[in-house]
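Heads up, the thing below is written out as structure tokens.
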Amino acid sequence: MAIALILFAVAALGGLIMASIRLRGSNPPLALALVHGTVAAAGLIALIVALLHASASLPKIALVLFIIAALGGFVLFATHLRKKNIPVPLMLIHAVVAVGGFVVLLIGSGVLG
């Protein structure tokens, strides 16, 4: 689970950078969005693999939250590919759900709490 936590932390950093760019009025570079999504997807895979060997319920809840965040990320990425401005409310919902998943994973893995 440590690998998943590290990957999600790196993805969160990329997300913060992209959000700050978007809040300043422009879409972030496509390359940054690709790296963010790839690292988050790797985090999802690492979490799924870790859950194959664990029975804890909080990491499973985190997985569901991360999957919901990923679906929102796909919508954001599709909007980006169409060269339209990323909707700030959707970006914020995506971020809140992902951060929620991260916090639940931190608690479930014993890092917090």
Side-chain angles (χ1 to χ4, degrees):
M1 235 173 279
I3 293 171
L5 281 167
I6 292 166
L7 289 167
F8 285 129
V10 171
L13 179 61
L16 282 172
I17 294 167
M18 290 193 306
S20 70
I21 293 168
R22 178 61 191 103
L23 291 173
R24 283 187 268 140
S26 61
N27 280 341
L30 189 58
L32 182 55
L34 285 168
V35 169
H36 168 75
T38 301
V39 172
L44 272 174
I45 292 167
L47 181 55
I48 290 167
V49 170
L51 287 174
L52 293 175
H53 306 289
S55 61
S57 60
L58 282 179
K60 291 176 184 172
I61 293 169
L63 177 63
V64 170
L65 291 170
F66 282 128
I67 290 171
I68 293 167
L71 294 172
F74 287 130
V75 173
L76 292 169
F77 188 67
T79 302
H80 197 291
L81 287 176
R82 290 193 309 267
K83 303 202 185 296
K84 297 186 184 236
N85 282 336
I86 292 170
V88 172
L90 180 57
M91 178 191 72
L92 293 174
I93 292 168
H94 168 74
V96 167
V97 173
V99 168
F102 189 72
V103 169
V104 170
L105 185 59
L106 282 171
I107 294 167
S109 65
V111 175
L112 291 180

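Count residues from 1 along the sequence.
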Given the rule that I, L, V, M, F, W and Y join up when any side-chain heavy atoms are under 4.5 Å apart, are [X] and [Y] in one cluster?
{"X": "Leu106", "Y": "Ile67", "value": "yes"}
{"X": "Val64", "Y": "Ile107", "value": "yes"}
{"X": "Leu63", "Y": "Phe8", "value": "yes"}
{"X": "Val111", "Y": "Met1", "value": "yes"}
{"X": "Val97", "Y": "Val103", "value": "yes"}

Do [X] and [Y] make a side-chain contact, defined as non-hydrogen atoms from C-beta onward lying under 4.5 Å apart?
{"X": "Phe77", "Y": "Leu30", "answer": "yes"}
{"X": "Lys83", "Y": "Asn27", "answer": "no"}
{"X": "Leu71", "Y": "Val75", "answer": "no"}

Quiz item: Between His80 (side chain) and Pro28 (backbone), is there a donor-acceptor pair under 3.5 Å?
Solution: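 A pair under 3.5 Å: yes.
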Quiz item: Can you say whether the rings of His94 and His36 are parallel (under 30°), tilted (30 to 60°) or perpendicular (over 60°)?
Solution: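 Perpendicular: the ring planes of His94 and His36 meet at over 60°.
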Quiz item: Around atom CD1 of Ile3, are there more than 12 heavy atoms of other residues, nucleotides or ligands at under 6.0 Å?
Solution: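 Not more than 12 within 6.0 Å, no.
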Quiz item: Can you tell me how far the CG atom of Leu23 sits from the CG atom of Leu16, to the nearest 0.5 Å?
Solution: 10.5 Å
Quiz prompt | From Met91 atom CE to Leu76 atom CG, the distance as rounded to the nearest 0.5 Å | solution = 8.5 Å
Can you name the nearest heavy-atom pair linking [X] to [Y], along with the distance?
{"X": "Phe102", "Y": "Leu5", "value": "CE1-O, 3.5 Å"}
{"X": "Ala70", "Y": "Leu44", "value": "CB-CD1, 4.1 Å"}
{"X": "Ile86", "Y": "Thr79", "value": "CA-CG2, 4.2 Å"}
{"X": "Ala46", "Y": "Leu7", "value": "CB-CD1, 4.2 Å"}
{"X": "Ala4", "Y": "Gly43", "value": "CB-O, 3.7 Å"}

